[in-house]
Amino acid sequence: MADGSPPPDSKPRLEGEELERSVSGRQWYHTLELAPGVVTQGWFDTRSVAGRVPMPSLLTGRRCLDVGTFDGFWAFEMERRGASEVVAVDVLDPEAWDWPAGSTAAVKEALERRQDGGAGFEIARRALGSSVRRLERSVYDLREADLGSFEFVYLGSLLVHLRDPVLALERVRAICGGQLLVVDTIDPLLTMRLPRRPAATLDGLGRPWWWTPNQAGIVRMVEAAGFRLEGRPRRLYMPRGAGQEAPPVSPKLLLTAEGRQAAISAWKGDPHVAVLARPI
Ligand SMILES: C[S@@+](CC[C@H](N)C(=O)[O-])C[C@H]1O[C@@H](n2cnc3c(N)ncnc32)[C@H](O)[C@@H]1O
């Protein structure tokens, strides 16, 4: 292995009561069915989205990479679709995410609790008997000399958390020898107001949320990093999972742009766009 990591199947498969104990009482990001009747209470439930993203239904023979895997839903999905090998990278210590100045310890601790050093991925990997290899790497540090090249790369809900999303996409281009699928957050109101002009709102206040572009903005970021689009962008909503309470939607909420955005998320899910591209 180019990166010298140990094989992933060194621990026994998790099942039965041990699996149920490991799954319950912890915070999950992804909703994963790990065994019949054993489903994680994810913050999001991306299961219905998997059939709607422009990911080839068969990835047979392709070497695939999932960037920012969290509990691993998309990495396991690529494995399920027949990938010859799946590597998943993540930053397991939320301290190492891109934080704006002035973030409080409480916000960092809340993220640390959810991430829990990546324990959810490991439980899921062992329960599914998966061969996905997870490596601790930042998207900014992806190098072909370290990881080799990939025929399919999935990058989901990550650009919004990065101070420099175009640099991240450039790093992805360096290890992408096939297709890249970006599925990331968009600002739906900005997309309606400016359907063709690339634009983004900037957060950068207290939490690692940075640029939320309109749809044209995501497309421009991908192109600016050296990719050519394959097909048209596809609008999607990431549905809330059982682990995320629906915020109450009152008429008062609809008075502000932020409130309207929260209402859209509560009603349909988090607005995203899927863009399939290939390095130029
Ligand atoms: C919102 S979650 C998205 C999870 C998953 N990719 C998806 O689409 O459902 C963001 C993930 O990106 C990871 N992350 C944050 N900064 C990163 C970085 N610089 N490089 C790689 N991953 C990063 C986080 O650890 C987390 O797993």
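Just so it is clear, the model here is predicted, and its values are computed rather than measured. Each ligand, and each atom within it, is numbered from 1 in the order the structure gives.
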Worksheet item: Taking NZ, NE, NH1 and NH2 as the nitrogens, is one of them in Arg63 or Glu85 under 4.0 Å from a carboxylate oxygen of the other?
Response: yes
Item to complete: Using the six-membered ring wherever Trp is involved, compare the ring planes of Phe73 and His30 and label them parallel, tilted or perpendicular (cut-offs 30° and 60°).
Response: tilted
Tabulated below should be the N or O atoms of ligand 1 paired with protein N or O atoms at under 3.5 Å; can you produce that?
unit_1	atom_1	unit_2	atom_2	d
ligand 1	6 (N)	Gly68	O	2.6
ligand 1	6 (N)	Gly156	O	2.9
ligand 1	8 (O)	Gly156	O	3.1
ligand 1	9 (O)	His30	NE2	2.7
ligand 1	19 (N)	Ser138	OG	3.2
ligand 1	20 (N)	Val139	N	2.8
ligand 1	25 (O)	Asp90	OD1	2.6
ligand 1	25 (O)	Val91	O	3.2
ligand 1	25 (O)	Trp97	NE1	3.3
ligand 1	25 (O)	Gln115	NE2	2.9
ligand 1	27 (O)	Phe70	N	3.3
ligand 1	27 (O)	Asp90	OD1	3.0
ligand 1	27 (O)	Asp90	OD2	3.0

Practice prompt. Identify whether the distance between the nearest side-chain nitrogen and carboxylate oxygen of Glu170 and Arg173 falls below 4.0 Å.
Written response: no
Worksheet item: Do His272 and Ser157 meet the criterion of a side-chain donor-acceptor pair at a distance under 3.5 Å?
Response: yes
Item to complete: Name all pairs fulfilling the side-chain hydrogen bond (donor to acceptor under 3.5 Å, both in side chains) condition that reach into residues 231-243, sequence neighbours left out, sorted by first residue then second.
Response: Gln215-Arg235
Worksheet item: Which of parallel (below 30°), tilted (30 to 60°) and perpendicular (above 60°) describes Tyr29 and Phe70?
Response: parallel
